[in-house]
4 protein chains.
Amino acid sequence: MNDTPRIPRREGAEDYTEDAARERRAWLDEQTGVELPHVGHYSVEPGTLPGNVEGFTGVAQVPIGFAGPLRINGEHARGDFYVPLATTEGTLVASYRRGMRVLSECGGVKTTVVKQAMQRSPVYQFEDARAARDFGRWLEEHLDDVRRVAESTTRIGRLVDIQQWVIGRSLYLRFNYTTGDAAGQNMVSRATYVANEWLRAHAPFEFRYMLSGNIDTDKKHSQMNLLHSRGRHVVAEATLDREILRKRLGVDTSDLYRARNISNVGAFLAGSANNGPHAANGIAALFLATGQDEANVVESHTGIVMGDLLDDGSYWFSVTLPSLIVATRGGGTGLPTQAECLRVLGCEGDGTADKLAEIVAATVLAGDLSLGAAVLAGDWVTSHERLGRNRPAPR
Amino acid sequence: MNDTPRIPRREGAEDYTEDAARERRAWLDEQTGVELPHVGHYSVEPGTLPGNVEGFTGVAQVPIGFAGPLRINGEHARGDFYVPLATTEGTLVASYRRGMRVLSECGGVKTTVVKQAMQRSPVYQFEDARAARDFGRWLEEHLDDVRRVAESTTRIGRLVDIQQWVIGRSLYLRFNYTTGDAAGQNMVSRATYVANEWLRAHAPFEFRYMLSGNIDTDKKHSQMNLLHSRGRHVVAEATLDREILRKRLGVDTSDLYRARNISNVGAFLAGSANNGPHAANGIAALFLATGQDEANVVESHTGIVMGDLLDDGSYWFSVTLPSLIVATRGGGTGLPTQAECLRVLGCEGDGTADKLAEIVAATVLAGDLSLGAAVLAGDWVTSHERLGRNRPAPR
Amino acid sequence: MNDTPRIPRREGAEDYTEDAARERRAWLDEQTGVELPHVGHYSVEPGTLPGNVEGFTGVAQVPIGFAGPLRINGEHARGDFYVPLATTEGTLVASYRRGMRVLSECGGVKTTVVKQAMQRSPVYQFEDARAARDFGRWLEEHLDDVRRVAESTTRIGRLVDIQQWVIGRSLYLRFNYTTGDAAGQNMVSRATYVANEWLRAHAPFEFRYMLSGNIDTDKKHSQMNLLHSRGRHVVAEATLDREILRKRLGVDTSDLYRARNISNVGAFLAGSANNGPHAANGIAALFLATGQDEANVVESHTGIVMGDLLDDGSYWFSVTLPSLIVATRGGGTGLPTQAECLRVLGCEGDGTADKLAEIVAATVLAGDLSLGAAVLAGDWVTSHERLGRNRPAPR
Amino acid sequence: MNDTPRIPRREGAEDYTEDAARERRAWLDEQTGVELPHVGHYSVEPGTLPGNVEGFTGVAQVPIGFAGPLRINGEHARGDFYVPLATTEGTLVASYRRGMRVLSECGGVKTTVVKQAMQRSPVYQFEDARAARDFGRWLEEHLDDVRRVAESTTRIGRLVDIQQWVIGRSLYLRFNYTTGDAAGQNMVSRATYVANEWLRAHAPFEFRYMLSGNIDTDKKHSQMNLLHSRGRHVVAEATLDREILRKRLGVDTSDLYRARNISNVGAFLAGSANNGPHAANGIAALFLATGQDEANVVESHTGIVMGDLLDDGSYWFSVTLPSLIVATRGGGTGLPTQAECLRVLGCEGDGTADKLAEIVAATVLAGDLSLGAAVLAGDWVTSHERLGRNRPAPR
């Protein structure tokens with residue numbers, strides 16, 4: 001091992017220079033015989049990258065297409081939006097664009113942010129389950145003190161509550177915070193760490209703890225996140241006109257409704273994180289364009305699609321994203337291309353994360369409508385050749 | 001709606017030109033007042049982008065840092081690797097780098113690709129459950145015919161088997177294919193579509209079908225994918241020396257083993273997609289750098305960490321990624337920056353997807369080791385002030 | 001501890017006598033001051049109880065009511081059945097009776113047994129993942145040998161296949177058997193044990209194993225059992241006439257269909273083992289009456305309800321029980337009251353377990369129809385006072 | 001259908017007589033040719049059965065064996081207990097007895113009831129998600145009013161809180177109650193129904209509701225119940241002496257600890273409701289003997305086993321049952337044999353349900369210890385012939 005050369009690094013700010021990046025590219029060329037001219041082609045200023053990357057060497061260039069206009073009737077997002085999607089998957093932009101057009105023609109998407117919660121989830125270990133339980137009760141009674149301590153570390157974060165689970169003699173906790181326009185993972189780690197240390201000093205219990213007992217569940221999908229959010233819990237809904245759907249998507253609303261039942265059962269059978277078509281596609285592409293943490297796609301893609309066939313034949317269609325992690329501050333949101341895309345969406349400045357959350361949810365609705373209809377139309381067109389419409393079964 | 005202007009598009013190849021992209025940027029500036037100089041700064045050639053994006057307007061620049069060297073003793077990846085990670089999350093590269101160093105010092109990572117499976121999962125509906133079951137049996141008997149038809153559409157794809165589930169009068173199917181160096185989602189869609197049409201023409205049963213019954217489960221985590229793969233099922237493992245861990249990571253192997261138990265229970269409690277620390281981070285960053293489909297991070301982050309404390313005090317540590325979707329052909333792998341990064345890893349050309357899968361798994365192992373130890377060390381350092389090591393409980 | 005008196009036991013057959021049972025009741029009376037006249041009131045012959053219970057002291061008397069007639073149009077169960085339900089929960093029998101009446105009036109229940117699988121799931125540990133994988137391939141190639149060895153221990157059991165999962169360096173296996181009219185847990189344990197020992201002697205690999213790696217999943221609900229059965233995979237379905245439902249249950253078929261969507265989403269949100277109303281009630285009561293293993297209710301209650309609104313306004317309704325463990329041989333099936341109940345169902349003698357499985361599934365369908373409608377009618381009746389039917393939303 | 005004879009019923013109290021039961025048995029004999037002498041052999045008084053069964057015809061006799069003494073150091077259960085287990089599965093009583101002996105020799109089982117919650121979970125549907133959310137906030141503010149109304153229907157039940165989930169435009173609610181010594185399903189249904197009606201009359205929102213949105217999750221295992229209880233959340237734990245385990249169970253504590261890791265991963269892979277060996281066995285048998293609702297085994301068997309190897313070589317072992325539904329009042333608890341068994345446990349009269357919960361949890365711990373060790377010993381004995389103990393791997 002010792003003989004394998006290490007990638008060159010410089011001290012401190014010196015490592016965040018064009019010179020350092022170029023040196024690394026040249027060094028990699030020496031080691032591997034691969035030149036990196038495209039990786040080395042960028043407009044981002046290396047000096048701005050501390051906090052975003054270590055050992056900066058260049059960039060990945062990911063193509064962006066814009067889809068839209070998408071009409072959103074949200075509480076935060078209001079109007080027609082052009083949505084930047086960074087992707088390398090053909091048809092993705094086209095499919096979302098198609099869904100957006102139909103949604104907009106049907107009057108647009110209504111969006112609602114229901115709640116926000118970001119957490120750190122330490123686990124405490126006690127002498128026995130009884131101590132774990134009793135500490136938990138003590139904690140409830142001293143929640144105001146804990147809140148004061150935790151919030152002393154942050155200007156923005158607010159400790160909402162602390163959920164508790166006694167398993168064996170361990171107490172698994174979920175400290176739930178609101179974190180404003182930031183995703184907030186670091187903010188809540190710091191706040192929770194300080195709260196934990198305060199608890200160790202002041203609570204009349206002996207315990208050990210780890211800062212994470214794995215129920216956060218950070219960078220992971222989980223039923224826990226589906227139930228209790230990690231990020232924002234957002235709903236997008238629209239009422240789809242039967243004629244518009246027939247004309248634009250080639251499907252009937254009653255067939256969409258029936259297909260929903262089949263997809264619900266498929267998702268249940270598979271033990272799926274989402275009963276809809278492909279939320280992850282829109283989320284990943286929009287996250288990438290706007291500087292969100294790409295790994296958070298895994299929490300964020302969790303979702304529940306619901307539909308209802310109304311008496312007038314129109315189809316009410318919705319997607320609920322219970323664990324959508326978005327930020328308009330911090331992370332990659334300040335990088336040049338990402339900041340530009342956020343500005344196109346009007347998501348710069350204070351209080352815009354809810355707006356971004358609504359845009360993401362509306363975008364997902366567009367994509368799920370488009371793909372859901374495509375899967376269905378593929379069947380219905382061909383099936384008509386052989387199976388008549390009048391037979392009550394099989395469908 | 002009608003009044004809202006639509007994003008300019010041109011016909012065919014004309015839309016994939018620098019001119020078209022510039023026109024869109026200018027048009028967006030007009031509509032939103034936002035200039036896109038950075039989005040417009042790229043070296044990718046627009047004419048190469050059909051199949052990757054529609055309405056190309058520019059790029060997202062995502063910073064890349066390299067971590068390594070990472071010693072891998074795989075069947076496909078052998079040697080020391082410098083791993084490109086595209087991310088906007090500070091400390092990510094540093095954390096993976098730290099884990100890679102320890103793993104390499106401990107002799108490197110052993111990697112094993114166990115199987116490959118990409119699927120399309122149509123659902124067939126019959127007169128009743130009995131017909132669904134009987135068709136299923138007929139299908140088993142005619143698997144060779146179906147395979148022949150399905151494989152006629154592809155040079156590379158091979159239909160391995162078809163899993164069946166009768167639910168009510170529906171038959172949910174999973175057509176499992178190997179797809180060589182491609183991720184293969186489109187390949188298997190086409191093959192399965194043709195097979196379905198053949199079945200409708202030749203099977204002595206009446207049915208309707210949809211091309212997806214939602215158990216693929218495409219762009220979604222699921223227990224199904226955990227059990228039956230979507231992509232590759234890969235294992236990375238290493239035996240960690242007690243002294244090296246103490247020195248480099250500040251933790252004892254017995255504490256790592258104990259913490260694993262606590263994390264296992266946390267993951268079980270949360271209903272998590274992965275019982276380890278943060279596989280999604282490394283996967284997302286490496287996917288982004290190498291042109292993988294970012295949305296596939298959701299399937300790919302599914303995983304199982306296992307550990308064992310050996311009699312000599314060393315710690316055997318492993319991560320199993322049962323649903324890792326990687327490609328070295330198609331998708332974004334041919335884009336300029338992405339192709340460069342694949343070349344640095346020696347993952348260009350035929351037969352390199354298994355190699356890339358091994359590199360991803362080894363990278364995830366490095367990150368999970370590094371973060372797992374960090375969480376633990378944070379506790380142990382501080383806990384020592386108050387709690388001695390000799391007390392049998394609480395821990 | 002040593003001073004606490006132990007419950008009296010006798011050697012061998014002497015312990016299975018009326019005398020031994022009476023002695024224990026008297027002894028318990030001495031220790032606790034509680035007489036057990038009712039527990040001591042039974043007609044079962046103690047000498048027949050080896051293999052059913054140790055330390056026989058008396059019986060639990062559980063009231064039985066019969067529900068029916070239930071018309072079943074199965075492949076094994078054909079005709080009108082009077083179904084014994086042993087329960088202490090008021091309204092249970094009445095509710096199932098109501099459902100059975102409606103189903104029978106609508107033409108009865110069609111039932112289909114799709115497959116059978118009982119398993120033992122050893123876990124093998126190897127030097128590394130590669131050895132685990134390679135052993136797995138060797139095992140596939142030698143499946144006929146393993147089958148021969150495993151089946152040498154049983155007259156009835158047949159080894160169908162062996163599923164494999166490489167996790168870390170462990171290989172988790174599921175040996176799947178058909179077991180005729182027996183539930184078969186002991187049968188497959190013995191067969192698998194002998195197969196494992198043969199493998200250790202003959203396979204050119206070094207490994208350790210445990211007879212269960214916890215993926216059986218014995219006496220536990222699991223997604224694994226939902227997907228791959230433990231016991232029988234059975235479907236019950238019926239087409240419900242709109243007028244009969246309105247008259248008998250006070251609900252409209254279109255409302256049942258709509259409520260199904262809502263229940264599907266609820267089950268998905270909750271991470272439930274069954275998306276229907278209360279399969280466990282009918283299963284537990286019928287299991288108890290017919291000598292099934294009560295603990296197997298947990299595997300057996302797993303289920304998927306599907307519905308469809310047909311063009312003529314009738315409602316197609318089904319329940320799929322993928323993991324239903326029933327027996328007409330062995331276990332408690334030979335006990336006096338239990339055998340009587342099996343005889344009432346015509347489920348004595350060879351080849352009747354499939355028939356019993358169909359009866360259980362049809363019974364579950366009756367109960368789910370009845371309770372599902374009751375929940376709905378409670379709403380609809382009252383909701384009509386305030387909310388008219390003509391409003392397109394909310395529902 | 002009309003021709004199929006219906007089971008004879010009488011009006012009101014007349015149906016709950018020995019005469020009515022005898023008539024039904026005779027009638028069944030006529031219809032099916034099966035006599036029911038054993039079913040007709042009982043000491044329960046038919047006149048006491050309203051509320052427990054309809055159409056009483058006789059009983060199922062289920063053999064009872066007692067296991068114990070089991071030393072419990074609970075907060076409610078204190079001392080040595082003889083535990084009645086009603087079962088038809090051979091070795092079950094013997095296995096629990098073995099585990100109880102070891103636990104008692106090791107000082108007994110510490111038990112802790114952490115919380116209680118029984119729920120009814122209506123679903124409300126609104127005009128849109130925004131109304132659903134806003135109603136939820138209104139509900140939080142008027143929780144005291146709702147509590148007053150709900151509790152007006154019950155002497156014992158207390159409404160603790162109401163959990164909320166906005167999915168689409170539906171609001172799924174969980175009304176959580178404590179219900180004293182009763183299981184409480186009916187109690188909370190009535191209370192919640194009245195609360196719902198009050199809400200419809202008084203809340204300034206328009207909505208429809210169903211009394212259950214399927215997240216209760218009644219008679220079903222669910223991740224929801226694992227997280228938020230249905231019944232009682234109870235922990236049983238014990239510290240096991242290394243020498244006693246070696247002598248009595250033939251296993252070493254370090255091997256138990258290692259096997260736990262393997263079982264944890266197996267449970268995670270399988271998506272299991274319980275990561276331990278067979279909680280459902282003891283729960284079902286004890287439920288049956290003491291008049292609990294047998295169908296509630298499905299909620300109650302959910303559980304988490306945790307273990308820890310202590311520095312002195314002893315093994316700390318625990319089981320957490322987060323959703324254990326027990327009652328000492330109502331349901332089948334007053335039936336003759338069941339009441340006798342409750343009296344043997346000292347679980348008659350007010351305030352004894354917590355005691356019963358502790359006894360169940362301690363019993364489960366005994367069974368999981370016994371079976372866990374048996375699985376392991378089976379391996380270790382045989383494995384020693386071929387594989388030495390000194391090899392660091394494979395294990």
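Every chain is numbered from 1 and lettered A, B, ... according to where its sequence line falls, protein lines coming before strand lines. This one's a predicted model, so the numbers in the text were calculated from it and none came from an experiment.
Only the backbone of A:Val113 comes within less than 4.5 Å of a heavy atom of chain D; no side-chain atom from C-beta onward does. Heavy-atom distances place the side chain of A:Ser170, and not its backbone, under 4.5 Å from chain D.
Looking only at heavy-atom pairs under 4.5 Å with chain D, the residue among A:Thr320, A:Thr111, A:Asp134 that has the most is A:Thr320. Among the candidates A:Ser318, A:Ser229, A:Ala129, the residue making the largest number of heavy-atom pairs closer than 4.5 Å to chain D is A:Ala129. The candidate with the highest count of non-hydrogen atom pairs below 4.5 Å against chain D, out of A:Ile304, A:Ile167, A:Val319, is A:Ile167. Looking only at heavy-atom pairs under 4.5 Å with chain A, the residue among D:Gln163, D:His233, D:Gln164 that has the most is D:His233.
Contact check for D:Leu227 versus A:Leu227: side-chain heavy atoms found under the 4.5 Å cut-off. Taking 4.5 Å as the limit, some side-chain heavy atom of D:Val166 sits within range of a side-chain heavy atom of A:Val235.
Salt-bridge check for A:Arg130 with D:Glu75: passed, with a basic side-chain N closer than 4.0 Å to an acidic carboxylate O.
Distance check: A:Met306 CE to D:Gln125 CD gives 6.0 Å after rounding to the nearest 0.5 Å. The distance from atom OG1 of D:Thr112 to atom CZ of A:Arg133, rounded to the nearest 0.5 Å, is 5.5 Å.
Side chain of A:Glu237 to main chain of D:Arg169: no donor-acceptor pair is present (N/O by atom type, distance under 3.5 Å, no hydrogens or angles).
A tilted orientation is assigned to the rings of A:His228 and D:Trp165, their planes being inclined by 30° to 60°.
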